Amino acid sequence: MGDIAISVENLSKKFLIGKVKSTSLRESLMNLFNLVEKTNQQDFWALKDINFEIEKGEAVGIIGRNGAGKSTLLKVLSRITYPTQGRITIDGRVSSLLEVGTGFHPELTGKENIFLNGTILGMSRKEIKSKYDEIVAFSGIEKFINTPVKHYSSGMYVRLAFSVAAHLEPEILIIDEVLAVGDAEFQKKCLGKMGEVAGKGRTVLFVSHNLLQI
Amino acid sequence: MGILSTDSHPLIFVLIFGRAIGVETGGVPYPIFALCGMSCWTYFSFLMGQSGSSIIAAQNMIKKIYFPRLIIPLSKAVVGFIDYLIIIALLAILMIYYQFLPSPNIIFAPIFILITIISALGVGIWLSALTVRYRDFQHVVPFLVQFGLYASPVAFPAELIIQRFPPWLSFLYYLNPMAGVIEGFRWSVIGGALPHHYSYLSFIMAFLLFSFGILYFKRMERVMADIV
Ligand SMILES: Nc1ncnc2c1ncn2[C@@H]1O[C@H](COP(=O)(O)OP(=O)(O)OP(=O)(O)O)[C@@H](O)[C@H]1O
Ligand SMILES: [Mg+2]
């Protein structure tokens, strides 16, 4: 161990697809008395027996067709959802940026969300304060930082989200293909930042459909 | 938005109801009697009402960031507690106004406040986890809250139930955790005879609801992000 950041063994994740049975009390009761015909739900393995290891300081890109399970893998790694089978071992604080709309509270301002996210990541107020200016500068949305994030454009949203995730000094940075909505200049800046983060001995794991980025 | 600002406030209902059935309070001013029950009940019903939809309301965060999900119903408990304290302060003001001295039992009041919190959290945790599984559970909650007000000794003493109804019904009545808690809290403020020994049932229910609520929540936590 020591220099392995993420280790995944026989990881599998099962979803139920089709019309999922009983998401309501009414239906459950009806099922109980056999009042509805059997639902056509099926098991679906979004991830099946995945094994890999990622070392500290590595930047790893993941590609795959739509629905391949990339986002699901990242969700499992960030502990949002639980694996059905297998185990993952993660060494270090994880910060993740999953799909659009990452963990911001729409009614709070950009500034408040920075503090909220930092706190959730387990940072103290002082630590966040010391990073605050850098985050705002990197995102390039100083003007809107006191506006509720629900009024942000999707690009601005991602700018802020990326800046927060990248600057809160996680040992492991997980990024889904959110950067696609950022403009070319910002995407470049992000790639640079990801390289820099990895250079500091941290680990970056990201999903992209753009082979050049990888 | 707190519990103090609901329209058609149940306190009005309680005052009218109490007058109408002419509750015997043994010389205690009725508003004091009723507010003792209302303080605990309002906190309990606030958590009931708020917890149900809490997880669904926070689904954006649940799907995007990791944090212990139990924080969601717990945070509702904190918000409600501030209002709980305000109502207790109102009760104190009312007692000064009526120049009513609390009984020495008042030292036990914190215990009953604590059990109120445990019961309310217990029910809140259950409801928040159940609504993830059964979306339409949210619509059941308002009825439970309505019914609960009648089924708790807020406007009248629980003794009324014990005197008028057969023992098995009293037994059922005390399965409502708020029955014993309200009686206990009122006893600590007003004094008088000890609450009926059935109250222990309420306390046991409170702890059962709370512990099994956490267990159930922990189980649901594993699938929350997938099905919410
Ligand atoms: N909560 C869920 N319930 C049921 N099925 C799900 C759930 N989440 C994902 N899936 C299914 O799992 C599969 C993998 O989804 P995932 O989002 O991981 O794909 P992806 O590789 O990120 O695709 P894309 O390139 O489009 O982003 C899909 O078929 C999807 O329908
Ligand atoms: Mg995806």
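Every chain is numbered from 1 and lettered A, B, ... according to where its sequence line falls, protein lines coming before strand lines. From a predicted model like this one, the values you see are computed outputs, not experimental measurements.
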Practice problem: First locate atom CZ of B/Phe67, then atom CG of A/Leu116, and finally report the distance between them rounded to the nearest 0.5 Å. | Solution: 9.0 Å
Quiz prompt | OH (B/Tyr200) with more than 12 external heavy atoms under 6.0 Å | solution = no
Quiz prompt | Closest non-hydrogen atom pair, A/Lys75 against B/Lys63 | solution = CE-O, 3.8 Å
Quiz item: Quick one: what part of B/Leu130 sits under 4.5 Å from any heavy atom of chain A, side chain, backbone, both or neither?
Solution: neither
Practice problem: Kindly check if the number of other-residue, nucleotide or ligand heavy atoms within 6.0 Å of CZ (B/Phe171) is above 12? | Solution: no
Quiz prompt | Heavy-atom neighbours of A/Tyr132 OH exceed 12 at 6.0 Å | solution = yes
Quiz item: Among B/Ile62, B/Val223, B/Asp226, which one satisfies side chain to side chain contact (heavy atoms under 4.5 Å, CB included) with A/Thr81?
Solution: B/Asp226
Self-check item: CD/B/Gln146: more than 12 non-hydrogen atoms of other groups inside 6.0 Å
Solution: no
Exercise. Sort A/Ile174 into side chain, backbone, both or neither according to what part of it lies under 4.5 angstrom from a heavy atom of chain B.
Key: neither
Quiz prompt | A/Lys193, NZ atom: more than 12 neighbouring heavy atoms under 6.0 Å | solution = yes
Quiz item: How far apart are the closest heavy atoms of B/Arg69 and A/Arg79, and which atoms are they?
Solution: NH2-O, 4.4 Å
Quiz item: Just wondering, more than 12 heavy atoms not from B/Glu159 lying within 6.0 Å of its CD?
Solution: no
Quiz item: Does the side chain of B/Lys64 reach to within under 4.5 Å of the side chain of A/Phe104, using non-hydrogen atoms?
Solution: no
